[in-house]
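Have a look at the structure below before the remarks.
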Amino acid sequence: MQNLTANQTQSILIENRIDTSGGFGFGFRNPSTAVFYDWHEHPRHQITYSRRGTTQIEGPEGRHLLPASHAIWIPAGTRHRTMMRNLDGVSVYFDPAHFSAETLERIQTFPVTAVIKEMLFHTLRWSDKSAEKMPVEQTFFQALFLLCQEQMKQKAAETFTLPRVTHPSLVRAMDSALVDPGHASLTQTLHQAGMSERSFRRHFLNETGMTWQAWITQARLFHAATLLAEGQRVTDVSAEVGYASLSAFAKAFTHLLGQSPVRFRKSQESN
């Protein structure tokens, strides 16, 4: 994993002209190597699609998982950081001067149709310097934006988001649990938070809208998706993320991702 500093991240934005507005839109092929971009923001709306591999994006409302065959929407001006692993995907940027997104003010993950997938990759034929010169390009990006907007409004995937917290004690406990979610226990979490179990559960539910058990289960499955995308065996991943029963792991993973761990792992090899 290549961990980029804030300056290195900003240099990449400048190099690829993501830090400026203008034109209608352009596509950018994401690096296939594992890379962690530091906190940043840019004046363009962004849609990133994953054909293979996994991506986690942290923003104002929490951590968002981008599994294969899905896309994620990041509104212009939204501060975020991104961790990509073995990604085969594309990011498309839209100038907000030409694309209204008043109802899409939050980062969200959504499933992608076959048509949208092909259109997202088709954007790679145009550079950021040409998008305002040809009517075909303008029409294409407007059509793509409207199709994605329609898909987001209908099928936003809230299950792929781990909510953030603001209470300092909860932040400390949550960050500690995410270091190794498979082995994070309630006892350790309460120690990190410095709270009684009753107080912790009340504050956690109020801030996240989730119980601690539901949150840590989802964190474990996020981690499992990343490990499977790297090619690790299902049995090893099941144990790594804290499941004693392979069948229980498969059931929970399928419920969240919509496909079994075995099928998910194979899809990472074949896409």
Side-chain angles (χ1 to χ4, degrees), residues 36 38-41 54-67 70 72-75 77-83 103-111 152-228 237-258 261:
F36 196 170
D38 200 4
W39 288 99
H40 64 281
E41 60 185 75
T54 57
T55 296
Q56 288 194 37
I57 295 176
E58 187 173 358
E61 297 179 337
R63 293 175 181 242
H64 307 265
L65 176 68
L66 174 58
H70 286 70
I72 192 164
W73 161 261
I74 305 174
T78 301
R79 189 165 173 78
H80 62 284
R81 60 179 178 176
T82 306
M83 179 179 68
T103 60
L104 303 172
E105 298 176 346
R106 300 163 49 236
I107 296 176
Q108 59 180 285
T109 303
F110 62 98
M152 280 184 272
K153 289 179 178 178
Q154 294 179 356
K155 300 180 178 180
E158 297 292 341
T159 54
F160 295 143
T161 301
L162 279 176
R164 288 181 66 89
V165 293
T166 57
H167 193 295
S169 297
L170 295 183
V171 171
R172 186 168 61 249
M174 185 179 284
D175 287 346
S176 177
L178 288 172
V179 171
D180 186 6
H183 298 90
S185 67
L186 179 59
T187 300
Q188 294 171 336
T189 302
L190 294 176
H191 176 73
Q192 289 291 335
M195 291 181 171
S196 67
E197 181 176 346
R198 181 178 180 181
S199 179
F200 173 80
R201 289 186 183 277
R202 184 179 71 254
H203 283 292
F204 195 90
L205 181 62
N206 287 341
E207 287 216 33
T208 66
M210 302 174 71
T211 65
W212 162 254
Q213 189 57 47
W215 186 90
I216 194 62
T217 296
Q218 193 157 307
R220 288 168 176 165
L221 295 173
F222 274 31
H223 187 46
T226 298
L227 297 177
L228 290 170
V237 171
S238 176
E240 174 65 23
V241 299
Y243 281 84
S245 165
L246 185 59
S247 61
F249 168 65
K251 182 178 180 180
F253 189 92
T254 303
H255 179 72
L256 178 69
L257 274 297

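Reckoned from all heavy atoms, side chains included, excluding hydrogens, waters and symmetry mates.
Within the 3.5 Å criterion, the main-chain N or O of M195 finds no donor-acceptor partner in the side chain of S199. Looking at R172, its side chain does come within 3.5 Å of a backbone N or O of Q192 through a donor-acceptor pair. Put simply, the side chain of E207 gets close to the backbone of T166: a donor and an acceptor are under 3.5 Å apart.
A 4.5 Å side-chain heavy-atom check between T187 and H191 finds every atom pair outside the cut-off. Between F160 and L257 the shortest side-chain heavy-atom distance falls below 4.5 Å. Residues Q188 and S176 are not in side-chain contact: their nearest non-hydrogen atoms beyond the backbone lie 4.5 Å or more apart. Between E240 and L227 the shortest side-chain heavy-atom distance falls below 4.5 Å.
Pairing each heavy atom of L186 with each of W212, the nearest pair is CD1-CD1, 3.8 Å. Residues M174 and V165 come closest through the heavy atom pair CE-CG1, 3.5 Å. Across all their heavy atoms, A193 and F200 have their closest contact at CB-CD1, 4.1 Å. Heavy-atom minimum distance, L190 versus S196: CD2-O, 3.9 Å. Shortest non-hydrogen contact noted between R106 and W73 is O-CD1, 3.2 Å. Across all their heavy atoms, V241 and H223 have their closest contact at CG1-CD2, 3.9 Å.
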- Test L221 against Q218 for side chain to side chain contact (heavy atoms under 4.5 Å, CB included), laying out the working first. CA-CA 5 Å; L221 295 173; Q218 193 157 307; 5.7 Å; no
- Go through the steps to decide whether M152 and L104 satisfy the test side chain to side chain contact (heavy atoms under 4.5 Å, CB included), and finish with yes or no. CA-CA 8 Å; M152 280 184 272; L104 303 172; 3.8 Å; yes
- Task: Could you walk me through whether R81 and I57 pass side chain to side chain contact (heavy atoms under 4.5 Å, CB included), step by step?
- Result: CA-CA 6 Å; R81 60 179 178 176; I57 295 176; over 6 Å; no
- Message: Pair H70, F110 - check ring-ring contact (aromatic ring centres under 6.0 Å, His included), show working.
- Response: CA-CA 6 Å; H70 286 70; F110 62 98; 8.4 Å; no
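When the ring-ring contact (aromatic ring centres under 6.0 Å, His included) test is applied to F222, no partner is found at least two apart in sequence or on another chain. Residues passing the side-chain contact (heavy atoms from CB on, under 4.5 Å) test with P60, sequence neighbours excluded: T78, I107. Considering only residues two or more places apart in sequence or on other chains, H167 meets the ring-ring contact (aromatic ring centres under 6.0 Å, His included) condition with H203. Residues satisfying the ring-ring contact (aromatic ring centres under 6.0 Å, His included) criterion with H80, sequence neighbours excluded, are H40, H42. With sequence neighbours excluded, the residues satisfying side-chain contact (heavy atoms from CB on, under 4.5 Å) with Q213 are T211, I216, T217, R220.
Between T109 atom OG1 and I72 atom CD1 the span is 4.0 Å, to the nearest 0.5 Å. Here the CE atom belonging to M83 is positioned 7.5 Å from the CZ atom belonging to R63, to the nearest 0.5 angstrom. Note that the CG atom of L65 and the CG atom of L162 stand 8.5 Å from one another [nearest 0.5 Å]. Atom-to-atom distance recorded for T208:OG1 and L170:CG is 8.5 Å, nearest 0.5 angstrom.
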With a cut-off of 3.5 Å and sequence neighbours excluded, list every side-chain donor-acceptor pair involving residues 244-254.
from: S245; atom 1: OG; to: S247; atom 2: N; distance (Å): 3.4
from: S245; atom 1: OG; to: S247; atom 2: OG; distance (Å): 2.9
from: S245; atom 1: OG; to: A248; atom 2: N; distance (Å): 3.1
from: T254; atom 1: OG1; to: A250; atom 2: O; distance (Å): 2.7

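In this structure, R164 pairs ionically with E58, as a charged nitrogen and a carboxylate oxygen lie closer than 4.0 Å.
Under the 3.5 Å distance criterion, with hydrogens and angles disregarded, a donor-acceptor pair is assigned to the side chains of T161 and H64.
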